[in-house]
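Residue numbers start from 1 in every chain, and the chains themselves are labelled A, B, ... in the order their sequence lines are given, proteins ahead of strands. Computed from heavy atoms alone, side chains included, the values below leave out hydrogens, waters and symmetry copies.
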Protein chains: 4
Amino acid sequence: MRKNNGDKRELILQAAKKVFAENGYHQSSITQIASVAGIGDGTIYNYFQNKEHILQTLFHETIYNQFVPGLQQALEPYQDARFMLLEIVRYHFHFFQSDPEAARVIQIESRQSIQRVREAMRPGIRSYARIIDATINQGMEQQLFVSDIPVRVSRKMIFGTLDEIVTNWVLSSKDYSLLTSVEPAFRLLLNALTNTNKNPFRNE
Amino acid sequence: MRKNNGDKRELILQAAKKVFAENGYHQSSITQIASVAGIGDGTIYNYFQNKEHILQTLFHETIYNQFVPGLQQALEPYQDARFMLLEIVRYHFHFFQSDPEAARVIQIESRQSIQRVREAMRPGIRSYARIIDATINQGMEQQLFVSDIPVRVSRKMIFGTLDEIVTNWVLSSKDYSLLTSVEPAFRLLLNALTNTNKNPFRNE
Amino acid sequence: MRKNNGDKRELILQAAKKVFAENGYHQSSITQIASVAGIGDGTIYNYFQNKEHILQTLFHETIYNQFVPGLQQALEPYQDARFMLLEIVRYHFHFFQSDPEAARVIQIESRQSIQRVREAMRPGIRSYARIIDATINQGMEQQLFVSDIPVRVSRKMIFGTLDEIVTNWVLSSKDYSLLTSVEPAFRLLLNALTNTNKNPFRNE
Amino acid sequence: MRKNNGDKRELILQAAKKVFAENGYHQSSITQIASVAGIGDGTIYNYFQNKEHILQTLFHETIYNQFVPGLQQALEPYQDARFMLLEIVRYHFHFFQSDPEAARVIQIESRQSIQRVREAMRPGIRSYARIIDATINQGMEQQLFVSDIPVRVSRKMIFGTLDEIVTNWVLSSKDYSLLTSVEPAFRLLLNALTNTNKNPFRNE
DNA sequence: CATGAATGAGAGTTCATTCAT
DNA sequence: TATGAATGAACTCTCATTCAT
């Protein structure tokens with residue numbers, strides 16, 4: 001049975017993920033991707049408008065179609081914002097650890113200054129942001145989290161922290177498990193969000 | 001009297017910063033940089049080995065020669081780790097706010113998958129990391145900061161948070177001041193490092 | 001049906017031969033070659049790794065694949081080393097006369113100081129040298145040629161003489177036939193190799 | 001005392017000889033030559049019109065001003081054309097052996113297909129040719145040399161043979177003395193010019 | 001005369017994209 | 001739909017030559 005279109009499209013995406021992860025977007029050529037996919041160069045253009053479009057799609061499908069839905073599902077069981085935060089941390093690390101190539105492409109290659117690539121990233125990023133925001137808001141409603149910090153800033157802290165830890169891991173030899181960072185990262189973030197210090201410079 | 005090397009070299013770096021910030025490294029050409037600098041293409045090669053070398057130098061000079069020394073000086077007056085943390089936050093935001101082009105290049109272009117570029121960044125990044133680590137350690141010695149979180153993780157949180165906030169600002173229309181984020185970001189980070197949730201899931 | 005590789009490759013080689021013959025290797029550009037071949041610049045790189053490789057191939061194909069096999073065939077009928085020497089002279093002049101562009105490239109451009117080019121020529125040159133050496137040895141076995149001169153030196157005389165005559169012709173207006181030199185050159189070389197003078201400085 | 005013009009001109013020529021011999025004409029840069037000469041790039045243009053002109057001059061001075069006069073002087077004592085031929089062989093090999101860098105430039109680098117370079121070579125070559133021709137003519141008048149071969153062809157044999165031997169030596173590791181070739185080369189050439197094979201294919 | 005920083009034309013080469021098959 | 005040879009714009013980089021000092 002001949003491969004259907006869906007398969008071939010996916011084939012190209014997987015090949016591109018591999019090649020981008022290995023060499024970087026600008027150092028990768030269409031010929032390389034086609035070669036890894038075992039197809040002709042021209043065939044790629046039946047499925048993607050251009051090279052840039054592959055990267056856009058790769059990002060969009062990974063974040064918007066995989067990461068975010070998976071996270072939503074993973075959060076469903078929880079009500080307590082603290083548990084939800086823990087799950088976000090765990091899920092984030094787990095996701096990228098289980099697909100290091102995707103991690104590399106997302107963390108490194110998508111940070112291109114190409115405007116169109118950034119725009120393709122936006123819906124996925126925004127969905128993720130909304131989930132984090134909802135969690136923070138819920139924590140505030142549950143009077144578990146500080147309420148005098150703009151949600152936006154808290155969210156950037158959460159995302160920035162997770163992102164930084166993953167990026168460091170991606171660029172390392174990856175000989176340690178990302179999951180060992182779940183606990184300390186969670187505790188830091190929970191600390192940050194938990195309201196107790198009225199006067200930060202108190203000397204009690 | 002002839003322009004000395006320092007002048008011309010600096011001229012090229014400034015032009016490159018501008019062009020890289022506007023178009024991104026890979027989308028920038030030597031001809032563009034030369035044109036902005038008001039010099040001939042070939043002149044650039046009297047001062048830099050190649051295009052990559054310009055980017056490397058830009059990073060190194062900005063982080064290692066400007067950012068880090070400035071931060072060290074800014075931290076000198078302080079003893080209390082909490083004040084030092086505040087100064088780190090303030091300085092970080094202030095630095096990039098006052099040179100948005102540098103910010104763009106540092107925040108975005110540094111995410112290159114070119115190994116040599118990453119390596120050129122390393123000394124600067126590591127110096128910065130050492131300063132943050134020293135601050136955290138000092139806070140722990142002063143029994144101000146929690147001591148049961150690996151310094152490495154705390155540092156990544158701090159850096160990741162600041163980085164994320166700056167990146168968002170850089171990619172935005174920049175119509176708000178980064179300095180408005182000093183307070184909330186500091187409070188979050190201080191909370192993270194000072195709060196103690198012995199039992200994070202307690203329901204008191 | 002699409003042109004096959006052989007055609008396009010040959011097309012490029014012929015164009016390069018023409019252009020190199022006219023301007024010399026270093027004064028020839030890829031664009032000129034492509035233009036003469038009636039193809040795009042980039043196409044050349046589908047068949048040759050780089051400009052140097054074209055020159056190497058040109059040498060190799062001309063000497064190793066054309067000149068030497070043709071000479072071997074031409075020598076087959078002969079047993080007497082003197083007839084073989086005559087045929088070498090005749091064939092050498094005939095070959096280059098019938099392809100003056102090849103002659104020019106071989107005679108002039110081969111004097112490149114580029115090591116890789118020299119190395120590409122070696123197999124062809126060595127094959128030719130072996131044929132000449134075999135002829136000389138045969139003449140000595142047949143007691144027709146002097147046996148107290150190193151074969152190596154005799155071969156250099158033969159090759160040097162033919163080469164010099166061709167080079168002069170190539171650089172001239174080529175308004176005379178190389179073949180007029182067959183007889184005198186042959187007679188000189190045969191004289192040189194024929195053993196009769198015991199005392200070179202005799203005054204008989 | 002400051003170096004006078006003659007010195008500096010000579011300095012440049014010597015530097016160029018060295019650099020050309022080492023890297024080849026096209027692979028050598030003005031900057032390299034200036035550097036070896038210990039002067040500024042621009043200074044070279046006070047003494048030579050351009051890079052090509054240096055090569056032309058180098059050739060001209062070496063052959064026309066050094067090689068040829070030296071040969072004329074070396075030939076003076078001799079009357080017998082055979083001794084003159086011997087001296088030509090000896091002198092030719094001696095000259096290039098004692099200045100291998102000159103040899104390399106003359107044998108290899110001057111064989112460029114640049115028309116103007118070839119033209120600059122002509123007077124020197126022609127002078128040398130005239131000396132060889134005179135020697136051959138003298139030998140014929142003295143009834144020592146065969147008179148039924150065009151002088152032009154004999155001269156090409158002589159020059160081609162010597163040239164080929166020197167070229168091979170230049171391109172070799174030069175671990176043998178060129179002078180070992182004096183005797184066999186001379187004997188071959190003398191044979192060529194003196195033997196008489198009225199019927200070359202006789203079976204006596 | 002001497003300098004060497006500045007120049008810019010021109011080189012070789014790459015590679016995303018097209019399109020005839 | 002699949003192909004991959006062909007393309008040529010665009011790139012980085014070199015270096016002979018100039019000229020203000």
Watson-Crick or G-U stems of DNA chain F, 3 or more pairs, under 3.5 Å, by first number: E:2-21 with F:2-21

Sequence neighbours excluded and cut-off under 3.5 Å, please list the side-chain donor-acceptor pairs for residues 14-21 of chain D, or say none.
{"unit_1": "D:Q14", "atom_1": "OE1", "unit_2": "D:K17", "atom_2": "NZ", "d": "3.2"}
{"unit_1": "D:Q14", "atom_1": "NE2", "unit_2": "D:E10", "atom_2": "OE2", "d": "2.8"}
{"unit_1": "D:K17", "atom_1": "NZ", "unit_2": "D:D99", "atom_2": "OD2", "d": "2.8"}

D:Y47 side-chain N/O to E:dC1 phosphate OP1/OP2 under 4.0 Å: no

Parallel, tilted or perpendicular: ring planes of D:F48 versus D:H53, cut at 30 and 60 degrees: perpendicular

Length of the line joining D:H53:NE2 and F:dA16:C1', which is rounded to integer Å: 16 Å

Shortest non-hydrogen contact between A:A102 and A:T62, atoms and distance: CB-CG2, 4.3 Å

Those residues that, when tested against C:E22, pass salt bridge (charged side-chain N to carboxylate O under 4.0 Å, His left out) (two or more places apart): none

Between C1' of E:dA2 and CD1 of D:I12, the distance in whole Å: 11 Å

Between F:dA16 (P) and D:Q56 (CD): distance, integer Å: 15 Å

Euclidean distance, atom CD1 of residue A:I33 to atom P of F:dA2 [Å, nearest integer]: 17 Å

Gap between atom CD1 of B:I63 and atom CD1 of B:I125 - 0.5 Å precision: 6.0 Å

Plane angle bin for A:H26 and B:H26 - parallel if under 30°, tilted between 30 and 60°, otherwise perpendicular: parallel

Pairs touching residues 37-60 of chain A that satisfy salt bridge (Lys or Arg N to Asp or Glu O under 4.0 Å), sequence neighbours left out: A:E52-A:R116

Length of the CG-C1' vector between D:L55 and F:dA16, whole Å: 15 Å

Contact state string [nucleotides 11-17 of chain E, B base, S sugar-phosphate only, - no protein heavy atom under 4.0 Å]: -SBB-SB

Rounded distance (Å) that lies between atom P of F:dT14 and atom CD1 of B:I44: 13 Å

Contacts of type salt bridge (charged side-chain N to carboxylate O under 4.0 Å, His left out), residue C:R118, not counting sequence neighbours: none

